[in-house]
Amino acid sequence: MIRLHDVNKTYPGAVPLHVLKGINLEIRKGELVSIMGASGSGKSTLLNILGILDNYDSGEYFLNGTLIKDLGENRAAEFRNRMIGFVFQSFNLINYKNALENVALPLFYQGVSRKKRNTLAMEQLERMGLADRATHLPGELSGGQKQRVAIARALVTNPDIILADEPTGALDSRTSADVMDIFKTLNRDTGMTTVIVTHDPNVGAQTDRIIRISDGKIITEA
Amino acid sequence: MKTPLFDIDNWKEIGATLARNKTRTFLTGFGIFWGVAMLALLLGGARLTTELLSRNFEGFSSNSGAIIAGTTGIPYKGHAKGRSWSLDLTDVERLRQSFPELRAVVPIFQSWDNVSCTNGSYSYSGSALGAVPEYVEICTPLMYSGRFINAADESQERKVAVLGKKIANEIFPDTPDPVGLQVELNGIPYSIVGVAGNLGEASINGKMDEKVLIPSTTFRKAFARADRVDFITFVGRDGVRLRDILPRMRSLIFRRHGIHPDDESAAWTIDISEQFEKIDMVFSGLNLLALFIGVSTLLAGIIGVGNIMWVIVKERTQEIGVRRAIGAKPRDIVTQVLCEGMALTVVAGTAGICFAALVLGVAGLVLSAERPTDVQMSIGLAMGIMTTFVVLGTLAGLIPAAKAMKIKPVEALNSK
């Protein structure tokens, strides 16, 4: 599903910063993996590249067989929209839109009709057990509920992979466990390829495989 | 997303973002509202003022003038100075022949004393005027009923009269329309053929309302005037500048009457067109000033829109990042920002136009209570202002939109 071959990334500057030093990585379809590393290890950069949010300098990145390299803004946006479902640490819901509208937003950018959008979004909310919160604004939801709305939003386009950036970072331990259960259930029941970036060993331990990154290199692929 | 302008969801999106910060949206909108209203009010107000002022001259030919005999100031050809002289019908005829530039030359005969106009026990003393049918070329009267003096009245020396509105009201208080009835002028009966008043405030020697007009031929008999003319009025053809021919007209008349060519006091000449030119300049100045102030206010409003869009983009950097991350293309973001500016401009601008139209309408009603005027803002003006505003409002969003477009999803997400 994901194949990285000798991917390098340097941030230019007075002192150029070589953050990713020849990353080789393979994640198969249906895997639930975590990427762990200290801050400054390059894991966020790696996530950005996996999420087509950032470009890399050399190497190759194949997502579901498609070479993701030097894409224009429009192509990148289209790929992100169709292939990737994002889940962020701070949820990143749009706070003046209700839960249903937030979930439906990626479909809006696909040009899906309003009716269909709302039907699909409602299905995802039901799946997350939040059907009764559809018309609530994010401010009226708890942290766990917000993250479930965000997961619903990530799933609504039926993407190839879910990329989660510290999805439990802003949650207490109980809701963290709930959210992790959701990821595990999704992975088990639908075979959703899921990549979770975290520094929490408990989260890492619940995944099939932990990819450790340190100083821009992958050190273990357990 | 093919045509965001006609996508209801797109507009819902815009409505939601604008409704998010109501105070700010309102204040920005008010800036535009005020700009549009000021521009429309100033332009409309200038038009209204022009209209009201020009109404004073309504019915009065703008390219007209008059010559009135005075007393000589220079001894000439054996005559001492201080001699009085009179214009006569031969002068009128000479002017007609020698000056093809003139469309009409109209002699005016005026009674020196007031004439008593009598109907039974009602009486009113007004001034009588001997008029030729061409009189209307100089000063078009407002005919309330009946007709003006015509060529047949003139040639047959008919005893007919056109009554001024005020006289008619005074001596026929119970008759709405006295046309066809008789009026006695100094005891001699005349048939009333018309009732007239002044169209504007400008007039020849007193308002039409308080005059009674009879055919000049009849007048000359009744008041024993022979050929003597009180003053001569004339209208230039289109494009003729009266001031260019006035000196030649004077010298033609002066030669005939044995007056020194340079005698300034021997006759008064009046050139109405000069007055009109001055007034026209005042009008143009007024319009220009209105345009300048209005456009300045408008620009201030537009800059306000650009400014607020900039703030909105800054403030929503993260939101834009999220949208980009979940699949919004740069074009989607630009469209959104531009449409927000446009929506704000259209709504506030329309309100401004409506407000200005309302104010102008009320002002017009109040100022022209006695006679309705067309003071409403023209559709063309309203549309022009609106179009300018929407175009500028959209353009004002361009710089913020360009900035929004440059926001990379990853940067935005990091600016937590």
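Lettering follows sequence order; numbering is per chain, from 1.
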Acceptor/donor pairs from residues 100-107 of chain A side chains to any protein atom, 3.5 angstrom cut, sequence neighbours excluded:
unit_1, atom_1, unit_2, atom_2, d
A/E101, OE1, A/N98, N, 3.0
A/N102, OD1, A/I94, N, 2.8
A/N102, ND2, A/I94, O, 3.0
A/N102, ND2, A/K97, O, 2.9
A/N102, ND2, A/N98, O, 3.3

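- Residue-environment remark: CG (A/L137) exceeds the threshold of 12 foreign heavy atoms within 6.0 Å.
- The distance from the CD1 atom of B/I333 to the OH atom of A/Y109 is 4.5 Å, given to the nearest 0.5 Å.
- Heavy atoms of A/R82 lying under 4.5 Å from chain B are absent altogether.
- The number of heavy atoms from other shown groups lying within 6.0 Å of NE2 (A/H199) does not exceed 12.
- Taken to the nearest 0.5 Å, the CD atom of B/E319 stands 11.5 Å off from the CG atom of A/L93.
- Atom NE2 of A/H5 has 12 or fewer heavy atoms from other residues, nucleotides or ligands within 6.0 Å.
- In this structure, the separation between CD1 on A/I84 and CD1 on B/I326 is 13.0 Å, given to the nearest 0.5 Å.
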For residues 67-77 of chain A, which side-chain N or O atoms pair as donor and acceptor with protein atoms under 3.5 Å away, sequence neighbours left out?
unit_1, atom_1, unit_2, atom_2, d
A/K69, NZ, A/G59, O, 2.9
A/E73, OE1, B/R324, NH2, 2.4

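- Taking each heavy atom of B/A325 and A/F86 in turn, the nearest pair found is O-CE1, 3.4 Å.
- Heavy-atom pairs under 4.5 Å with chain B were tallied for A/E78, A/R153, A/R80; the largest tally goes to A/R80.
- Environment of OH in A/Y11: crowded, with over 12 heavy atoms of neighbouring residues, nucleotides or ligands closer than 6.0 Å.
- Within the 4.5 angstrom heavy-atom criterion, only side-chain atoms of B/R316, from C-beta onward, approach chain A.
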